[in-house]
Amino acid sequence: MEQIFVPRVLPVKEYFAPGHRGCQGCGPALAFRHMLKALGPRTILANATGCSEIISSPYPLTSWRIPWIHVAFENAAAVASGIESAYKVMMRKGKIPQERVNFVGMAGDGGTGDIGLQALSGALERGHDMIYVCYDNEAYMNTGIQRSGLTPFGASTTTSPAGKISKGQPTWKKDMPAIAAAHHIPYVATACASYPLDLYEKFAKAAKIEGPKYIHILAPCPTGWRCGSDETVEIGRAAVESGIFNLFEITNGKKTLSLKVPERRPVADYFKPQGRFRHLKEDDIAYIQKKVDEDYELLLSEVE
Amino acid sequence: MGKLTGIEVSIACSEAVTLCDVDVIAAYPITPQTHIVEHLSEQVAEGHLDAEYIKVESEHSAMSCCVGSSAAGARTFTSTCSQGLALMHEIVMIASGLRLPIVMAVATRTLSAPLSIWGDQSDVMSERDSGWITIFAENGQEVFDLTVQSFRIAEDERVLFPVMLCLDGFHLSHVIEPIELESKEDVQAWLPPYKAKYRLDPDNVLSMGAFAMPDYFSEIKKQQNEALRGTLPVIKEVFKDFGDRFGRYYEPVTRYQTEEAETIIVMAGAFAGTARLAVDTMRAAGKKVGLVTIKVFRPFPFEEITEALAGAKTAVVIDRALSVAGPGGPMASEIRSALYHEQKKPAVVSMVGGLSGRDVFQEQFIELVERAEACVASGKIPQYEMFGVRE
Ligand SMILES: Cc1ncc(C[n+]2csc(CCOP(=O)(O)OP(=O)(O)O)c2C)c(N)n1
Ligand code: SF4
Ligand SMILES: [Mg+2]
């Protein structure tokens with residue numbers, strides 16, 4: 001990536017207000033801030049239950065400087081579908097002025113890949129003009145760090161605890177971007193809270209594309225990942241630089257890498273600062289490293 | 001004066017929705033609601049109704065779409081029943097809590113298990129605490145009229161609550177009746193376009209659906225409760241206004257032959273039609289029997305019900321829903337509790353039957369009245385009885 005002086009590139013205006021109740025160093029909060037800078041004020045957000053909603057909307061306060069609604073845990077995609085349809089027909093009937101509005105549905109990894117998967121699939125299949133955002137902190141953080149289908153192999157959570165006969169999460173991370181892409185939507189992208197410019201550009205691009213868009217953001221969570229609150233950005237970078245989480249886009253079926261890592265760091269670098277992986281032994285890490293290498297090779301073979 | 005047309009009741013309901021120029025429909029098919037959503041799909045496909053029809057993948061998403069659509073300011077309709085209503089239950093409650101004027105037609109059907117597609121009122125009874133205005137239609141004309149009135153009620157700024165319009169599955173949804181259909185001009189002149197007071201709008205930024213800590217929750221719930229209770233006068237006003245315009249008047253509680261009645265049958269929905277015939281037969285035989293039908297079930301019309309029943313000795317409440325191992329049929333329990341502190345009140349006999357499509361015939365209503373009167377005379381009133389069931 002080129003060296004850019006960030007404050008002059010990103011809009012100064014904040015749409016996710018300071019004063020929210022996220023933990024110090026909250027990766028998702030960082031991502032929301034840059035996401036909304038890209039989407040701007042003509043954006044309506046349907047937010048699932050989860051950290052994002054709980055840190056931002058204790059009645060009578062709100063952190064959202066755009067129209068925002070929270071309904072339930074598993075239905076952000078459906079709520080956003082309803083909003084988009086309402087706007088479409090009201091514009092068609094001349095009840096409100098014609099304009100381009102960003103309709104966004106957003107949930108965590110649990111609200112997206114587990115309990116909300118059906119609603120998401122329905123919305124993507126129906127072709128609504130909306131952006132669906134999964135901010136992935138790799139567990140149900142809001143309810144106390146329980147495992148989700150997107151918790152990575154080996155991570156210790158409160159419901160996949162490492163123990164005498166357990167190495168933590170026993171399953172590999174569910175591949176949500178691939179599931180979204182299987183709906184043959186015009187745009188799928190991954191992003192990471194630690195790469196604000198890349199994230200910004202992807203949202204700015206998505207806002208211009210008609211139809212369903214899916215953006216999957218890896219967002220480190222110091223509380224759940226058991227790391228320092230000052231390590232969020234560095235850990236996100238290590239995830240990308242090790243290739244355990246990759247930044248790419250699928251535009252009209254064409255997959256491209258957003259960031260080619262010249263020399264991947266070992267996953268051990270990524271695991272080291274995180275308490276959730278502390279119990280892993282060398283051979284466990286080697287086992288994971290092998291899978292990461294294979295997946296990365298596969299990814300390289302898929303990109304054009 | 002509308003045009004008298006022989007039409008299936010489900011189709012009449014869809015016609016009413018079309019005349020109301022609904023903006024968004026989100027629905028998922030389930031028997032016996034299917035004809036409503038099929039006909040609406042057709043209306044949209046043929047260009048008779050300019051709406052977005054969201055073909056959702058489940059009822060949970062249907063109600064979620066409706067919440068999003070209504071929050072965005074669009075006139076919104078859905079329809080379901082039974083398992084579908086149970087599946088959307090979580091969001092049904094939220095629609096009321098967010099004060100969204102969604103209209104939902106429920107072609108009432110029983111709940112599994114055993115699985116059964118046939119009609120009774122167990123599905124809506126399971127939603128009675130969800131904060132929706134709940135209205136029961138008795139015949140096809142009422143379905144048509146009440147569909148139109150539901151939008152006017154829901155969208156009134158003094159109301160802003162969703163409305164559940166219940167029509168008995170099959171016994172109403174699938175019968176063909178002569179119905180006076182009003183014209184588009186007349187309906188639209190009576191029902192103004194919906195202009196949301198609060199909506200998701202980039203020009204007027206607001207947050208909806210914030211969470212409440214214990215220091216706010218109870219106050220918010222109290223407001224919701226008082227607001228829903230306070231809708232009854234508006235509902236009556238809308239009923240009166242509709243009557244003045246179209247000549248058909250509605251009331252939250254309808255009385256039939258209740259003057260000096262010693263025994264009154266109390267019920268809601270289509271089977272009341274048969275009960276009315278039974279009342280005529282009994283009256284002709286010199287028995288002082290009347291009928292009270294509950295049209296508006298939520299908000300619960302306390303005054304209207306206590307007044308209507310005050311003079312009777314026996315009220316036999318017929319529920320097409322069983323509160324399994326509970327204190328009686330759901331409607332009977334509520335009426336019994338509503339009357340508890342009244343000085344002048346009848347004994348309430350709870351009779352549960354007509355479950356899952358089982359008919360209740362005229363003679364059965366007469367037997368039920370006799371049985372109830374015998375219970376009261378003997379002083380041994382059961383908590384509830386199931387009738388029309390093989391031993
Ligand atoms: C139907 C339902 N089941 C369970 C819950 C409890 N719950 C609320 S948020 C949550 C986890 C959210 O996880 P995720 O979507 O990953 O978001 P995060 O909190 O990690 O940001 C759970 C289990 C709920 N609110 N609703
Ligand atoms: S638990 Fe994690 S995701 Fe939730 S607010 Fe704290 S840091 Fe953010
Ligand atoms: Mg999560």
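As a basis for the values below, the full set of heavy atoms in this structure was taken, side chains included, without hydrogen atoms, waters or symmetry mates. Each chain gets a letter, A, B and so on, in the order its sequence line appears, and its residues count up from 1.
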Original post:
Under a 4.5 Å heavy-atom cut-off, does chain B meet the side chain of A:Ile96, its backbone, both or neither?
Top reply: side chain
Subject >> chain A interface, residue from B:Ile54, B:Ile91, B:Val67 that has the most non-hydrogen pairs under 4.5 Å >> reply: B:Ile54
Original post:
Is it the backbone or the side chain of A:Pro58 that comes under 4.5 Å from a heavy atom of chain B, or both, or neither?
Top reply: both
Original post:
Should we count CZ of B:Phe217 as having more than 12 external heavy atoms under 6.0 Å?
Top reply: no
Original post:
In terms of heavy-atom pairs under 4.5 Å with chain A, which of B:Gly209, B:Ala74, B:Pro193, B:Ala71 leads?
Top reply: B:Gly209
Subject >> Closest approach of A:Ala72 to B:Ile94 (non-hydrogen atoms, all atoms of both residues) >> reply: CB-CD1, 3.9 Å
Interface of chain B and chain A, donor-acceptor atom pairs under 3.5 Å:
| from | atom 1 | to | atom 2 | distance (Å) |
| --- | --- | --- | --- | --- |
| B:Asp21 | O | A:Lys93 | NZ | 3.4 |
| B:Asp21 | OD1 | A:Lys93 | NZ | 3.1 |
| B:Val22 | O | A:Lys93 | NZ | 3.3 |
| B:Asp23 | OD1 | A:Lys93 | NZ | 2.8 |
| B:Asp23 | OD1 | A:Lys95 | NZ | 2.9 |
| B:Asp23 | OD2 | A:Lys95 | NZ | 3.2 |
| B:Asp50 | O | A:Lys93 | NZ | 2.8 |
| B:Asp50 | OD1 | A:Arg92 | NE | 2.9 |
| B:Asp50 | OD1 | A:Arg92 | NH2 | 2.7 |
| B:Glu52 | OE2 | A:Arg92 | NH1 | 2.7 |
| B:Glu52 | OE2 | A:Arg92 | NH2 | 3.3 |
| B:Glu57 | OE1 | A:Arg126 | NH1 | 3.1 |
| B:Ser58 | OG | A:Gln118 | NE2 | 3.2 |
| B:Ser64 | OG | A:Asn75 | ND2 | 2.8 |
| B:Arg199 | NH1 | A:Tyr87 | OH | 3.3 |
| B:Leu200 | O | A:Tyr87 | OH | 2.6 |
| B:Asp203 | OD1 | A:Arg42 | NH1 | 2.9 |
| B:Asp203 | OD1 | A:Arg42 | NH2 | 3.4 |
| B:Asp203 | OD2 | A:Arg42 | NH2 | 3.3 |
| B:Leu206 | O | A:Trp68 | N | 3.1 |
| B:Ser207 | OG | A:Thr62 | OG1 | 2.6 |
| B:Met208 | N | A:Trp68 | O | 2.8 |
| B:Met208 | O | A:His70 | N | 2.9 |
| B:Gly209 | O | A:His70 | ND1 | 2.9 |
| B:Phe211 | N | A:Ser57 | O | 3.1 |
| B:Phe211 | O | A:Tyr59 | N | 2.8 |

**OP:** Could I get the full list of side-chain hydrogen bond (donor to acceptor under 3.5 Å, both in side chains) partners for B:Arg229, not counting sequence neighbours?
**Re:** none
Original post:
A:Pro41 and B:Pro202: which non-hydrogen atoms are nearest, and at how many Å?
Top reply: O-CB, 3.7 Å
Original post:
Can you say whether A:Ala119 sits under 4.5 Å from chain B via the side chain, the backbone, both, or neither, judging by heavy atoms?
Top reply: both
Subject >> Where A:Val89 and B:Ala51 come nearest, the two heavy atoms and their spacing >> reply: CG2-CA, 4.0 Å
Original post:
Once you round to the nearest 0.5 Å, how far does CG of B:Leu98 lie from CD1 of A:Ile69?
Top reply: 5.5 Å
**OP:** With a 4.5 angstrom heavy-atom cut-off, could you sort out which part of A:Ile66 is near chain B: side chain, backbone, both or neither?
**Re:** backbone
**OP:** Could you tell me which of A:Leu45, A:Ile83, A:Ile44 has the largest number of non-hydrogen atom pairs under 4.5 Å with chain B?
**Re:** A:Ile83
